[in-house]
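The next block holds one structure in the form of structure tokens; read it before the comments.
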Amino acid sequence: MQNTNTLDAIVIGAGFAGMYQLISLRDKLGLRTRVLEAGSGVGGTWFWNRYPGARCDSESHSYMYYFSKELVQEWEWSERYPQQPEILRYLNHVADKFDLRRDISFDTRVTGANFDEAKNQWVVKTEAGETLRAQFLITAVGCLSSANVPNTPGLDRFAGQWFHTGAWPHEGVDFKGKHVGVIGTGSTGIQAIPMIAKEADHVTVFQRTANYSLPANNAPLTEDFKQYAKAHADEIYEIMTTNGNGHPFHIEKRKAVETPADEIEQIYEAAWQKGGLQFRATFEDLLVSNDANKTAAEFIQRKIRQLIKDPVKAEILADIDHPFAAKRPPIDSNYFDTFNRDNVSLVSLRDAPMQEIVPAGIKTTEKVYPLDIIVFATGFDAMTGSLLKLNIEGLGGRKLNDDWQAGPRTYLGLQIPGYPNLFTITGPGSPSVLCNLPPAIEQHVEWITDCIKHMRTHQLETVQTSDRACDQWQQEVDRAANATLLPQVKHSWYLGANVPGKPRVFMPYAGGLSHYRSICNDVAADGYRGMRFS
Ligand code: NAP
């Protein structure tokens with residue numbers, strides 16, 4: 001039997017975004033709101049990504065909500081970069097504190113959503129056959145949640161076990177005595193490989209594209225720092241929300257191309273020792289000038305060659321074909337040093353591409369590597385994958401999967417023409433993955449909440465953006481990307497290049513979080529320019 005529930009708002013996803021959206025709509029606006037979540041608990045990314053070494057690359061004091069001063073003051077992080085279990089504990093604490101679970105349906109996967117024009121309602125269907133209706137539909141499905149398992153021939157015949165890092169078994173994986181193959185050397189692989197190598201008998205890393213990585217220099221937080229972060233919370237928040245990337249540091253106002261070489265070296269060395277993504281903020285021209293970028297790229301490549309004892313491995317790891325930080329730069333704990341272990345070998349798939357998976361292991365054009373376990377650290381169908389899986393249908397039955405065949409089109413990453421009363425938190429066309437995500441999420445949730453409040457105050461039933469506003473915004477997204485080196489990397493997931501057949505469109509907004517925020521504020525102040533209410 002089917003249930004029909006009518007609500008004011010349905011939110012899909014109970015990670016950072018969905019939880020704050022629930023708090024905002026339910027507790028600030030008094031809307032009847034339900035969150036639908038595929039997992040059995042809150043946490044989103046941090047619920048699913050339980051692979052060994054899973055840790056955040058944003059510093060803990062910035063990887064949290066700032067909307068509640070009380071919450072900021074009461075929560076205590078233990079390390080500079082929080083591990084997955086600690087972030088999940090934090091999000092569960094938030095769920096308890098704000099009594100969120102009573103309005104979240106767990107183990108509930110959305111299979112379709114269509115707009116009923118006669119009633120101005122979204123009709124949302126779940127895998128269990130439930131139907132819910134609501135005036136507003138808000139997606140909070142995350143940018144990196146649709147796992148990308150390469151369509152490699154033979155996987156179904158593999159005699160061992162295989163796992164994708166983004167859907168890691170809750171009970172963990174026992175690597176003891178095993179020969180493990182890890183495919184992928186993005187942020188995830190770089191975190192997982194050192195941990196797996198400590199446990200497994202042997203690890204073979206299959207690298208397609210060599211990657212930069214910076215030392216995290218992770219450590220327990222000192223009592224002094226914990227007190228500092230609480231006492232200066234307002235100041236830290238101000239920095240995070242007035243810079244381009246949402247991190248708690250500013251980008252230095254100096255150019256590498258105007259700095260003498262010996263000074264550049266000292267600056268990079270100090271940043272390398274300090275660790276973390278601040279390295280990217282040492283000069284303001286690193287992402288806009290190839291000459292500037294080369295100084296950072298060469299410094300890191302030199303470091304990699306120094307760290308790796310075996311010259312063959314060193315060359316494979318340091319042979320990087322793209323500008324530094326033009327793909328998301330990972331940070332690591334002992335990643336390069338791990339290749340000095342006797343039980344770790346490295347295969348360059350550039351030199352010998354993977355052909356197929358055979359029952360015994362992975363076969364490249366060179367040989368078969370016998371394996372007991374394959375770990376796919378192969379990333380995600382980023383930014384659009386999870387949205388398209390929702391099977392969203394808008395006005396006149398138009399399908400999002402058709403409308404986005406040539407790539408995503410949004411207005412501000414928040415609205416899509418033809419889909420009234422649908423809001424996408426950190427959707428394509430917003431800064432999202434180019435930022436520390438919690439401040440980007442808070443900005444979106446607050447903007448959406450203000451827009452809905454405006455509609456309620458003025459008794460407006462629907463809001464939708466226009467093709468014209470969307471086209472103009474896409475031009476701005478392209479302009480912002482082309483002002484940087486980011487689109488130069490043709491094999492980046494920012495462009496959708498990691499998923500065969502996906503259109504190559506630069507998806508996030510590269511104009512910076514603070515600039516983006518001011519655009520969104522102007523749009524709202526200008527009567528929600530580019531959006532039509534009825
Ligand atoms: P990713 O950056 O997309 O890296 C995937 C890796 O798998 C790349 O090395 C890729 O090679 C390789 N790969 C993909 N398909 C392959 C195939 N068919 N054959 C061989 N190799 C293949 O994915 P990720 O490492 O999961 O990271 C995704 C994003 O999630 C990050 O950029 C970051 O934004 C976020 N993340 C954050 C954290 C954190 O904060 N600590 C941790 C993990 C992830 P190519 O480069 O050649 O495509």
Side-chain angles (χ1 to χ4, degrees), residues 16 44-46 48-60 62-63 79-84 86-87 142-153 155 164-168 181-193 195 205-214 216 218 245-247 276-277 317 319-322 325-333 335 346-350 352-357 362 364 374-383 385 426 432-438 440 486 489-500 502 507-508:
F16 263 99
T45 286
W46 302 104
W48 299 106
N49 282 265
R50 297 172 188 237
Y51 59 87
R55 191 185 281 286
C56 184
D57 289 351
S58 298
E59 297 196 43
S60 50
S62 67
Y63 201 74
E79 291 179 277
R80 180 175 175 191
Y81 298 99
Q83 286 196 57
Q84 174 269 335
E86 191 170 25
I87 303 172
C143 300
L144 296 157
S145 38
S146 176
N148 170 41
V149 179
N151 195 10
T152 316
L155 182 56
H164 187 281
T165 48
W168 202 255
V182 181
I183 306 174
T185 52
S187 304
T188 302
I190 281 175
Q191 288 183 334
I193 288 161
M195 303 301 289
V205 176
F206 294 86
Q207 175 192 279
R208 188 164 66 179
T209 308
N211 210 348
Y212 300 94
S213 184
L214 302 161
N218 184 45
N245 55 28
H247 285 286
L277 291 171
L317 288 162
D319 184 17
I320 307 176
D321 66 357
H322 53 275
K327 284 172 95 169
R328 159 73 153 70
I331 64 173
D332 70 88
S333 299
Y335 174 64
L346 176 63
V347 175
S348 166
L349 295 178
R350 275 278 149 87
M354 191 157 59
Q355 275 189 324
E356 59 175 320
I357 293 175
I362 290 178
T364 68
I374 300 175
V375 173
F376 288 95
T378 43
F380 302 90
D381 181 355
M383 305 209 70
T426 63
S432 58
V433 291
L434 298 179
C435 299
N436 176 30
L437 271 159
L486 301 180
V489 194
K490 298 301 173 211
H491 47 70
S492 150
W493 60 257
Y494 293 153
L495 275 148
N498 62 328
V499 177
K502 189 166 171 171
M507 294 180 287

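Whatever order the structure lists them in is the order used to number ligands and atoms, beginning at 1.
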Could you tell me the separation between the OG atom of Ser60 and the CD atom of Glu86, rounded to the nearest 0.5 Å?
-> 7.0 Å

Please walk me through it: do Asn218 and Ser333 pass side-chain hydrogen bond (donor to acceptor under 3.5 Å, both in side chains)?
-> CA-CA 7 Å; Asn218 184 45; Ser333 299; 5.4 Å; no

Taking the side chain as every heavy atom from C-beta outward, state whether Trp168 and Pro52 have any pair of such atoms under 4.5 Å apart.
-> yes

In terms of residue, atom name and distance, what is the protein heavy atom nearest to atom 48 (O) of ligand 1?
-> Arg208 NH2, 3.0 Å

So CG of Asn245 and CG of Leu277: to nearest 0.5 Å the spacing works out to 8.5 Å

Looking only at protein heavy atoms, what sits closest to atom 5 (C) of ligand 1 is Ala377 O, 3.3 Å

of all protein heavy atoms, closest to atom 4 (O) of ligand 1 is Gly186 CA, 3.6 Å

Determine whether more than 12 heavy atoms belonging to other residues, nucleotides or ligands lie under 6.0 Å from atom CG of Asp321.
-> yes

Are the side chain of Asn436 and the backbone N or O of Gly246 linked by a donor-acceptor pair below 3.5 Å?
-> yes

May I ask you to identify, for Ile190, whether its side chain, its backbone, both or neither come under 4.0 Å of ligand 1 on a heavy-atom basis?
-> neither

Looking only at protein heavy atoms, which one is nearest to atom 31 (C) of ligand 1, and how far off is it?
-> Ser187 OG, 3.5 Å

When distances are taken from atom 37 (C) of ligand 1, the protein heavy atom at minimum range is Arg328 NH2, 3.6 Å

Output the distance between atom NZ (Lys502) and atom CG (Leu495), rounded to the nearest 0.5 Å.
-> 10.0 Å

Top protein contact for atom 44 (C) of ligand 1, by heavy-atom distance | Thr188 OG1, 3.4 Å

shortest atom 41 (N) of ligand 1-to-protein heavy-atom contact is with Arg55 O, 2.3 Å

Numbered in order shown, the ligand 1 atoms found under 4.0 Å of a heavy atom of Tyr51 are 42 (C), 43 (C)

At a non-hydrogen distance cut-off of under 4.0 Å, which region of Phe206 contacts ligand 1 (side chain, backbone, both, or neither)?
-> neither

Which ligand 1 atoms, with their elements, are less than 4.0 angstrom from a heavy-atom of Pro150?
-> 17 (C), 18 (N)

May I ask you to check if ligand 1 and Lys327 share an N or O to N or O distance below 3.5 Å?
-> yes

Roughly how far, to the nearest 0.5 Å, is NE2 of His322 from OH of Tyr212?
-> 5.5 Å

Counting heavy atoms only, name the option from Asp381, Thr209, Asn498 that's nearest to atom 47 (O) of ligand 1.
-> Thr209

Examine Asp57 against ligand 1 and note whether any of their N/O atoms are separated by less than 3.5 Å.
-> yes

With the side chain counted from C-beta on, respond yes when Arg55 and Glu79 share a heavy-atom pair under 4.5 Å apart, and no when they do not.
-> yes

Atoms of ligand 1 less than 4.0 Å from Phe380 heavy atoms?
-> 26 (O)

Distance from Ile374 atom CD1 to Leu155 atom CG, nearest 0.5 Å?
-> 6.5 Å

Going by the atom numbers of ligand 1, which of them fall below 4.0 Å from some non-hydrogen atom of Ile183?
-> 20 (C), 21 (N)

Give the numbers and elements of all ligand 1 atoms closer than 4.0 Å to a heavy atom of Leu349.
-> 20 (C)

For Tyr63, is the nearest heavy atom under 4.0 Å from an atom of ligand 1?
-> no

Would you give the length of the straight line joining atom CH2 of Trp46 to atom CD of Gln83, rounded to the nearest 0.5 angstrom?
-> 10.0 Å

Under 4.0 Å to a heavy atom of Thr185 - the qualifying atoms of ligand 1, by number = 6 (C), 8 (C), 9 (O)

How far is atom 30 (O) of ligand 1 from its nearest protein heavy atom, and which residue and atom is that?
-> Leu144 CD1, 3.3 Å

Would you confirm whether Gln207, through its side chain, and Leu317, through its main-chain N or O, come within 3.5 Å as a donor-acceptor pair?
-> no

